[in-house]
Engineer: 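I'd like to ask some things about the structure below.
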Protein chains: 2
Amino acid sequence: MPLATIEHMSRPPAARDAVLDAFERLLVEGGDRAATLDAAARGAGVSKGGLLYHFPTREALIDGVLARFSALVDADLEVMASAPEGPVAYFVRSSVASDTAFERAGVAAARLAQAGHPSAVRMIRSVRQRWLGAVRAHVADPTVALAITLIGDGLYYDSALHGDDAETGLDAPPEHEMDDLVALLERLADGSPRA
Amino acid sequence: MPLATIEHMSRPPAARDAVLDAFERLLVEGGDRAATLDAAARGAGVSKGGLLYHFPTREALIDGVLARFSALVDADLEVMASAPEGPVAYFVRSSVASDTAFERAGVAAARLAQAGHPSAVRMIRSVRQRWLGAVRAHVADPTVALAITLIGDGLYYDSALHGDDAETGLDAPPEHEMDDLVALLERLADGSPRA
DNA sequence: GATACTATACCGGCTGGACGGTAAAGTAAT
DNA sequence: ATTACTTTACCGTCCAGCCGGTATAGTATC
């Protein structure tokens with residue numbers, strides 16, 4: 001169970017990560033309902049018994065996804081704090097989901113939260129709070145910080161809307177609208193502290 | 001052993017709406033996975049056969065929910081256009097989910113979209129577009145209109161996050177922060193175009 | 001360095017229940 | 001008698017989780 005002491009592990013559990021990846025992908029593409037143990041095992045090229053060796057229950061699998069997401073958020077917050085284009089621009093632009101491991105984990109967590117899994121709801125809430133705090137640290141006006149965070153939420157969920165059909169383009173606004181949006185928010189952020 | 005007929009429901013179309021209501025509630029509280037035909041029938045006080053008479057497949061039930069949502073959006077857009085507090089304030093404030101039939105239908109549709117149902121994804125997209133259009137009609141700067149719509153999206157999804165646990169308070173910002181937010185957005189909306 | 005034992009990693013079959021959907025029959029009003 | 005609606009009973013499938021077994025690798029003892 002403990003993840004530490006890798007050096008003492010005889011064989012690296014390749015299956016574990018493969019299962020986690022497959023389960024995450026299923027969540028992103030088809031939501032909680034599509035993410036079954038059988039499908040995850042199949043997607044990972046592992047037998048169901050093998051899957052259940054690493055994750056004895058479905059809840060354990062969910063916890064695994066959430067744990068991985070939390071770790072990725074930690075890393076992202078550090079990147080954001082020292083982003084060359086500034087934290088606000090970085091935050092807003094990175095809120096539209098590309099296909100990084102980070103984004104996939106986030107969308108998977110959101111799916112689980114929407115399905116009502118309490119631990120996922122708690123996780124999303126705390127992550128949102130951490131993001132809000134990070135934005136607040138760089139924006140004087142707390143109302144502006146709130147607005148920026150909410151815009152990030154909106155972009156995030158909108159871009160996470162599409163299931164598996166790659167047919168329609170992303171729900172994200174086009175490039176130049178994003179540029180204008182970022183410009184507006186940066187003007188608000190380090191601009192007029194009052195009327 | 002069989003369920004005794006405690007009372008007579010004599011309203012012919014009553015079952016249909018009852019089923020729709022129950023299915024919607026299940027979607028909101030537990031997502032796509034929890035919204036099963038059996039649970040919906042039970043929640044509506046109808047046998048499963050009775051449910052399947054009105055909605056021959058699960059897809060038909062989903063379409064029923066989406067159709068009802070679309071009708072409610074039409075009504076809401078008219079209310080918004082002539083809201084006494086102004087469209088922007090109305091839009092932003094009504095984006096945090098209370099427990100109206102309108103909000104429940106919207107959250108249900110969002111759950112279905114997150115689960116990857118194509119018709120639900122299309123519906124959410126078109127509704128979002130209609131809202132954006134309505135905001136644009138009352139806000140000169142299109143970037144500000146986009147920002148306002150995105151903030152609405154953020155508020156909407158955040159407040160729709162909680163499953164069925166009434167324990168934690170809503171994810172919506174407290175009253176006074178909402179006031180400040182609305183004030184900021186209205187200032188942006190009809191205020192300085194500030195190139 | 002061979003033997004005996006233990007831990008890790010995985011397989012595949014199984015079960016009981018829940019799922020979406022079907023079929024036939026019953027009831028009430030027209 | 002037909003129509004509108006509702007019931008009970010049932011089917012095939014899929015689901016989460018369990019269990020017995022296998023194979024490999026490390027460890028300890030002699």
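Proteins get letters first, then strands, A, B, ... in listed order; numbering begins at 1 in each.
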Engineer: Would you tell me if any nitrogen or oxygen in the side chain of A:Thr36 comes within less than 4.0 Å of OP1 or OP2 on D:dC15?
Structural biologist: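 Yes, A:Thr36 has a side-chain N/O under 4.0 Å of OP1/OP2 on D:dC15.
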
Engineer: Which whole-number value in Å describes the distance from B:Arg58 CZ to C:dC19 C1'?
Structural biologist: 10 Å

Engineer: Using atom CD1 of A:Ile62 as one end and atom C1' of D:dA16 as the other, report the distance to the nearest whole Å.
Structural biologist: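 After rounding, the gap between these two atoms is 12 Å.
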
Engineer: Would you tell me if any nitrogen or oxygen in the side chain of B:His54 comes within less than 4.0 Å of OP1 or OP2 on D:dC5?
Structural biologist: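 So the side chain of B:His54 is outside the cut-off, no N or O lying under 4.0 Å from OP1 or OP2 of D:dC5.
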
Engineer: Expressed as a whole number of angstroms, how long is the span from A:Leu26:CG to D:dA16:P?
Structural biologist: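 Whole-Å distance recorded here is 11 Å.
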
Engineer: Without decimals, in angstroms, what is the distance between A:Arg42 CZ and C:dC11 P?
Structural biologist: 14 Å

Engineer: Is the distance from OP1 or OP2 of C:dG20 to the nearest side-chain N or O of A:Arg33 less than 4.0 Å?
Structural biologist: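 Yes.
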
Engineer: How far does OG of A:Ser47 sit from CZ of A:Arg42, to the nearest 0.5 angstrom?
Structural biologist: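 So the OG of A:Ser47 and the CZ of A:Arg42 are separated by 12.5 Å.
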
Engineer: Reckon A:Tyr53 has a side-chain N or O less than 4.0 Å from the OP1 or OP2 of C:dA9?
Structural biologist: yes

Engineer: What's the CG-P distance between A:Leu52 and D:dG20, to the nearest Å?
Structural biologist: 15 Å

Engineer: Ignoring hydrogens and geometry beyond distance, is the side chain of B:Lys48 in donor-acceptor contact with the base of C:dG21 at under 3.5 Å?
Structural biologist: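 Donor-acceptor pair under 3.5 Å: yes.
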
Engineer: Between atom CG in B:Asp38 and atom C1' in D:dC10, what is the gap in whole Å?
Structural biologist: 13 Å

Engineer: To the nearest 0.5 Å, tell me how far B:Leu155 CG sits from B:Phe91 CZ.
Structural biologist: 8.5 Å

Engineer: Figure out the CG/C1' separation between A:Leu37 and C:dG12, and round it to whole Å.
Structural biologist: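 The distance from CG of A:Leu37 to C1' of C:dG12 comes to 15 Å, rounded to the nearest Å.
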
Engineer: With a sphere of 6.0 Å drawn around CD of A:Glu59, does it hold more than 12 non-hydrogen atoms of other residues, nucleotides or ligands?
Structural biologist: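 For A:Glu59, atom CD is crowded (more than 12 foreign heavy atoms under 6.0 Å).
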
Engineer: Identify, between A:Pro56 and B:Leu51, the residue whose nearest nucleotide on DNA chain D lies closer to the 5' end.
Structural biologist: B:Leu51

Engineer: Looking just at side-chain N and O atoms, do A:Asp76 and A:Tyr90 make a donor-acceptor pair shorter than 3.5 Å?
Structural biologist: yes

